[in-house]
Peer 1: 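I have a structure here, written as structure tokens, and I will follow up with some questions on it.
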Number of protein chains: 2
Amino acid sequence: MRNFSRGDVFAAACPSRQILQHVTSRWGGLVLIALREETLRFAQLRRRIDGISERMLAQTLQVLEGDGLILRKDYGEVPPRVDYTLTPAGREISARVFALSDWIEKNLPELLALTPDAAPQTVQ
Amino acid sequence: MRNFSRGDVFAAACPSRQILQHVTSRWGGLVLIALREETLRFAQLRRRIDGISERMLAQTLQVLEGDGLILRKDYGEVPPRVDYTLTPAGREISARVFALSDWIEKNLPELLALTPDAAPQTVQ
DNA sequence: CGGTATCCTTTGCGATACTG
DNA sequence: CAGTATCGCAAAGGATACCG
């Protein structure tokens, strides 16, 4: 297997592609954005991200933690208390994901004007 | 249904969430990045994006075209000649997706260092 | 390019061990 | 009893590939 010292998302086998995949996954990006400004607990994240199931949130958090982008802090209390914070790398990536979503949010009216045919396409 | 004059990706029903979904879908982002600098034909895109099937490329291009982010130009020739270019909105979004992937590519060594446990997580 | 088979993602339920 | 943070499992649904 090749050694990717710089990363090439166009190469299927490059780890950078996997990471890009994780941070742009259905829920990954939203989690990163939500944690952009503050540390949040599991239930807070769940409330903030409309539509995510508990299972998916737990799974997404694990993947992102596995990538070293978020830090999971377990207070070992009962009832359970756990919170999540971005690592420095996570903050860098989060900022960029946010730049993307923010542009889309701000330009939504213009974007919607581009789609006169309300085509309800579904991908991912 | 609410009227999203500004967009809120955290709201499941907001169109901005769908668009974000499309541009960060498994192949959507890669297509956008590939078209960032030049107009490309179908086969060129396919060769550049390692691992994409014809079917998925066609589908992805349709979705992005439906969102008004890329322009499909059919020259009506025989043999068929079609190429794809970013629209102004597509260029804006592409730049931001690229900023994300580029950061990941450039910092790949540091990112990989964060994952000593080669956890082969799979998401999306 | 369409149709189907397969794979993967996602969901929902149940369980856990306590506290207000 | 509701809330808290996960996890395993079974089932469903959507994405993707493999054909012809």
Side-chain angles (χ1 to χ4, degrees), chain A residues 9-10 12-13 17-32 34-35 38-67 69-86 119-124, chain B residues 9-13 17-32 41-43 45-67 72 74 76-82 84 117 119-124:
Chain A
V9 289
F10 285 119
R17 175 119 144 208
Q18 264 82 274
I19 297 177
L20 182 64
Q21 212 68 205
H22 297 167
V23 306
T24 63
S25 69
R26 177 157 184 206
W27 304 112
L30 263 7
V31 167
L32 255 11
L35 290 176
E38 36 173 350
T39 295
L40 291 174
R41 298 182 57 177
F42 187 90
Q44 295 179 303
L45 275 166
R46 175 135 156 71
R47 269 184 300 261
R48 179 160 257 173
I49 303 174
D50 187 30
I52 195 172
S53 69
E54 295 193 352
R55 198 75 178 77
M56 276 303 98
L57 179 54
Q59 210 164 294
T60 303
L61 287 168
Q62 279 178 20
V63 171
L64 262 18
E65 193 198 355
D67 285 341
L69 303 181
I70 68 182
L71 208 66
R72 180 192 129 101
K73 185 166 185 182
D74 187 337
Y75 293 84
E77 296 175 4
V78 172
R81 199 163 111 83
V82 181
D83 62 34
Y84 298 88
T85 317
L86 293 178
Q121 54 268 328
T122 304
V123 143
Q124 179 177 225
Chain B
V9 289
F10 285 120
R17 177 118 143 210
Q18 266 82 275
I19 296 178
L20 183 63
Q21 213 69 202
H22 296 166
V23 306
T24 62
S25 70
R26 178 157 182 205
W27 304 113
L30 263 8
V31 167
L32 255 11
R41 299 181 57 174
F42 189 89
L45 275 167
R46 178 138 154 69
R47 255 173 272 134
R48 181 160 255 173
I49 303 172
D50 187 29
I52 194 172
S53 68
E54 293 193 356
R55 172 82 110 118
M56 281 300 100
L57 178 53
Q59 206 165 297
T60 304
L61 287 169
Q62 277 177 25
V63 171
L64 262 18
E65 193 200 353
D67 284 343
R72 181 192 131 100
D74 187 339
E77 295 174 7
V78 172
R81 199 163 110 80
V82 180
Y84 299 87
D117 52 328
Q121 55 266 333
T122 304
V123 143
Q124 181 178 212

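Below, read A as the first sequence line, B as the second, and so on, with proteins coming before strands; counting in each chain starts at 1.
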Peer 1: Expressed in angstrom and rounded to an integer, what is the separation of A/R46 atom CZ from C/dG12 atom P?
Peer 2: 9 Å

Peer 1: Please report the shortest heavy-atom distance between A/D67 and A/H22, naming the atom on each side.
Peer 2: OD2-ND1, 2.5 Å

Peer 1: Just checking A/E77: base, sugar-phosphate only, or nothing, at a heavy-atom cut-off of under 4.0 Å?
Peer 2: nothing

Peer 1: Distance check, rounded to the nearest 0.5 Å: B/Q21 atom CD versus A/T24 atom OG1?
Peer 2: 9.5 Å

Peer 1: Where the side chain of A/V82 is concerned, which of C/dC18, D/dT16, D/dA5 is the nearest nucleotide?
Peer 2: D/dA5

Peer 1: Of all heavy-atom pairs between B/W27 and B/D50, which one has the smallest distance, and what is that distance?
Peer 2: CZ3-O, 4.1 Å

Peer 1: Going by heavy atoms in the side chains, are A/F42 and A/L61 under 4.5 Å from each other?
Peer 2: yes

Peer 1: If you measure from NZ on A/K73 to OG1 on A/T39, what distance do you get to the nearest 0.5 Å?
Peer 2: 9.0 Å

Peer 1: Determine: side-chain N/O of B/S53 to OP1/OP2 of D/dA17, distance under 4.0 Å, yes or no.
Peer 2: yes

Peer 1: Measure from CG on A/L40 to C1' on D/dT4 and round the result to the nearest Å.
Peer 2: 15 Å

Peer 1: From CG of A/D74 over to C1' of C/dC18, roughly how many Å is that when rounded to an integer?
Peer 2: 14 Å

Peer 1: Would you kindly give the OH-to-C1' distance between A/Y75 and C/dT19, to the nearest whole Å?
Peer 2: 19 Å

Peer 1: How many whole angstroms separate atom CD1 of A/I52 from atom C1' of D/dA5?
Peer 2: 14 Å

Peer 1: Rounded to the Å, how far apart are B/M56 CE and C/dT6 P?
Peer 2: 18 Å

Peer 1: Where each residue is assigned the nucleotide of DNA chain C containing its nearest heavy atom, which of A/W27 and A/P80 is assigned the position nearer the 5′ end?
Peer 2: A/W27

Peer 1: Which nucleotide in the set C/dT11, D/dT4, D/dT16 lies at the smallest distance from any side-chain heavy atom of B/R26?
Peer 2: D/dT16

Peer 1: Counting just side-chain N and O atoms, does A/R55 come under 4.0 Å of either OP1 or OP2 of C/dG12?
Peer 2: no

Peer 1: Rounded to the nearest Å, what distance is computed from the CG atom of residue A/L57 to the P atom of nucleotide C/dG12?
Peer 2: 14 Å

Peer 1: Which whole-number value in Å describes the distance from A/I49 CD1 to D/dA5 C1'?
Peer 2: 15 Å

